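First up is the structure itself, then whatever we jot down about it.
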Number of protein chains: 2
Amino acid sequence: MSKSETTGSLRNKIAPIISYSLTDQVETRLLDLFKKEDLRSGDAVPKENELCEAMGVSRTVIREALTRLKTIGLIESKKNKGMILKEPDLLIGLDKLIQPKILSEETLQDMFEMRLVLEMGIAELIFARIQPKDIADLKAILKTEKNYPAVFEMDFEAKFHGRIYEIARNNTLMRFQSMLLPIFQYVHDKGMKLKQEELPKNYVTHALLVKAIESGNPEKYRDAMKRHLKVHFDRTIKIRKLITD
Amino acid sequence: MSKSETTGSLRNKIAPIISYSLTDQVETRLLDLFKKEDLRSGDAVPKENELCEAMGVSRTVIREALTRLKTIGLIESKKNKGMILKEPDLLIGLDKLIQPKILSEETLQDMFEMRLVLEMGIAELIFARIQPKDIADLKAILKTEKNYPAVFEMDFEAKFHGRIYEIARNNTLMRFQSMLLPIFQYVHDKGMKLKQEELPKNYVTHALLVKAIESGNPEKYRDAMKRHLKVHFDRTIKIRKLITD
DNA sequence: TTTATGTATTATGTATGACATATTTAAATG
DNA sequence: CATTTAAATATGTCATACATAATACATAAA
């Protein structure tokens, strides 16, 4: 086709025209305003009508831009009262997005690996912040795990590892990992179900992990965790190889 | 005041009434629809007018709900063409939010720690996926670091560690850490500036890290990284103690 | 017949005006 | 002065209209 040839050669000479919608422009102007005025969490945002007049666009556009900022948690609007700037929640919206069905296999893989990475890297924080109650709680959880590890239940996994993250006393990190649970569940259901005979020889159980926490150090704990997660590491590394080849 | 007393004691007995706005309801209905219909990335979303009629609300409300979903990257709308479901970007919006000024000290602390955690936990992926070119690139970066570590430049830090993350070949992880850079920068500028005399005795430089990658294993690398990040670990642990006490 | 141009349709983007509702403020009343 | 009433306020919702650009189709030129 001559058309595609033409555009093909032209593309290097002429840059495509990008048109920012009014809403786009309003959004960036709002962000600029907040930065310029150095507004902090709790400060009031100008009224919609004031913004309309100041920027010379309809309330429709202003509201759409505001809706975006509300969606990312930067603004909170109280009905009939006004809007204030909020301390944004970095993980906002994530729970709506983490649905295995709409995420690509690659992204799922990425997130699954991130969980593995966190699980390994968290050791220093754990040993820096652990308190007696943490270990007591973990032991209590162990007792509820009937027929583990012969029977692998997602519920055990979530409760146990969730409690470990709590030790690190990093709220954002904890919430992040809890959001990753559906992905872990998905990968598990998808064929990772551990039959008893597939458990590695020196498989590290939750009980052994607790022991490593109780009387170990970051290095020992990590070694235990590495073996606890071995099948997952092996699998993700194998899969990624398949994808990139 | 008797009023505040009353609400105080009643709050435990009576749950507050929560009213979901029309937009809220439309949003969840849309998400339900997508899930129910098992829509995937690329599939078409019903037209605005169809949605209006189906749900019996005005286009305004429909559009506001759609705007939310566009904001989190679940939907993409092509002007005058229609809307499609998109593979959502899990990190969307994050770049707008990561501005030290609007984040609380605690969240900044959380994110800073997450970076430390990732840096430690990434070792397994690195050694599973490293290729010759990676090491060559790292060595090339080393040569550009003039007067390091005597002079600490954020730029060095970003380039070097960014390249390390690339080795793991996890796109989401890589983008995530690059978004954390402003926070690292902020914390650094805020008083973490390493004067030469403050460098720990056996400080691990970037060069030593490369060596650990080149002829080591995950454990050795982590040991090196731990010492490389020691001042940061020490500081964040000290600070968190102050906050919680 | 093929190609390029003009045209109608379509769906989102934007504007305008109105009303509902709950909060706050101010006024009025006892 | 305290309490109640009324008014002003700001967001949430509705309805309608038009602008604009992508697509498909029709049409004229080669």
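A, B, ... follow the sequence lines: proteins, then strands. Residue 1 opens every chain. All figures in this text were calculated on a predicted structure; none of them were measured in a lab.
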Can you check nucleotides 20-23 of chain C for protein contacts, nitrogen or oxygen pairs under 3.5 Å, and list what you find?
{"residue": "C:dT21", "atom": "O2", "partner": "A:N80", "partner atom": "OD1", "Å": "3.0"}
{"residue": "C:dA22", "atom": "O4'", "partner": "A:N80", "partner atom": "ND2", "Å": "2.8"}

B:N170 side-chain N/O to A:D110 backbone N/O, donor-acceptor pair under 3.5 Å: yes
In whole angstrom, give the distance that lies between atom CG of A:N49 and atom P of C:dA18. 14 Å
Grab the CG-C1' distance between A:L66 and D:dT13 for me, whole Å please. 16 Å
Would you please name every residue forming a ring pair (Phe, Tyr, Trp, His ring centres under 6.0 Å) with B:F176, sequence neighbours left out? none
Toward the 5' end of DNA chain C, by each residue's nearest nucleotide, B:K47 or A:T23: B:K47
Measure from CD on B:E50 to P on C:dT10 and round the result to the nearest Å. 12 Å
The helix from C:dT1-D:dA30 to C:dG30-D:dC1: angle between terminal helix axes, five bp per end, to the nearest 10 degrees, reads 20°
Contacts of A:E48 meeting salt bridge (Lys or Arg N to Asp or Glu O under 4.0 Å) (sequence neighbours excluded), chain-then-number -> A:R59, A:R63
Would you please name every residue forming a side chain to side chain donor-acceptor pair (under 3.5 Å) with B:E53, sequence neighbours left out? none
Let me know the distance between CZ of B:R63 and C1' of C:dG13, rounded to the nearest Å. 6 Å
Taking side chain to side chain donor-acceptor pair (under 3.5 Å) as the test, write out the residues that go with A:Q177, two or more places apart. none
Euclidean distance, atom CD1 of residue A:I75 to atom P of D:dG12 [Å, nearest integer]: 11 Å
Residues forming a side chain to side chain donor-acceptor pair (under 3.5 Å) with B:S104, sequence neighbours excluded: A:E87, B:T107
Could you check B:K159 against B:D155 for salt bridge (Lys or Arg N to Asp or Glu O under 4.0 Å), going step by step and ending with a plain yes or no? CA-CA 6 Å; B:K159 277 217 186 77; B:D155 199 37; 3.3 Å; yes
Applying side chain to side chain donor-acceptor pair (under 3.5 Å) to A:E105 and not counting sequence neighbours gives A:Y186, A:K190
note: A:I62, atom CD1; D:dT11, atom P; distance rounded to Å ~ 11 Å
Atom pairs, N/O to N/O, protein against nucleotides 14-18 of chain D, distance under 3.5 Å?
{"residue": "D:dC14", "atom": "OP2", "partner": "B:S58", "partner atom": "N", "Å": "3.2"}
{"residue": "D:dC14", "atom": "OP2", "partner": "B:S58", "partner atom": "OG", "Å": "2.8"}

Identify, with sequence neighbours excluded, every residue that meets side-chain contact (heavy atoms from CB on, under 4.5 Å) alongside A:S58. A:T60, A:V61
Atom-to-atom span, CZ of B:R68 to C1' of D:dG12 - whole angstrom: 11 Å
Is the shortest side-chain N/O distance from A:K70 to OP1 or OP2 of D:dG12 below 4.0 Å? yes
Spacing of B:E64 atom CD relative to C:dT14 atom C1', expressed in whole Å: 16 Å
Name every donor-acceptor pair, under 3.5 Å, that has one atom in a side chain of residues 26-35 of chain A and the other anywhere in the protein, sequence neighbours excluded.
{"residue": "A:E27", "atom": "OE1", "partner": "A:R68", "partner atom": "NH1", "Å": "2.7"}
{"residue": "A:E27", "atom": "OE2", "partner": "B:K96", "partner atom": "NZ", "Å": "2.9"}
{"residue": "A:T28", "atom": "OG1", "partner": "A:Q25", "partner atom": "O", "Å": "2.9"}

Applying salt bridge (Lys or Arg N to Asp or Glu O under 4.0 Å) to B:K133 and not counting sequence neighbours gives B:D137
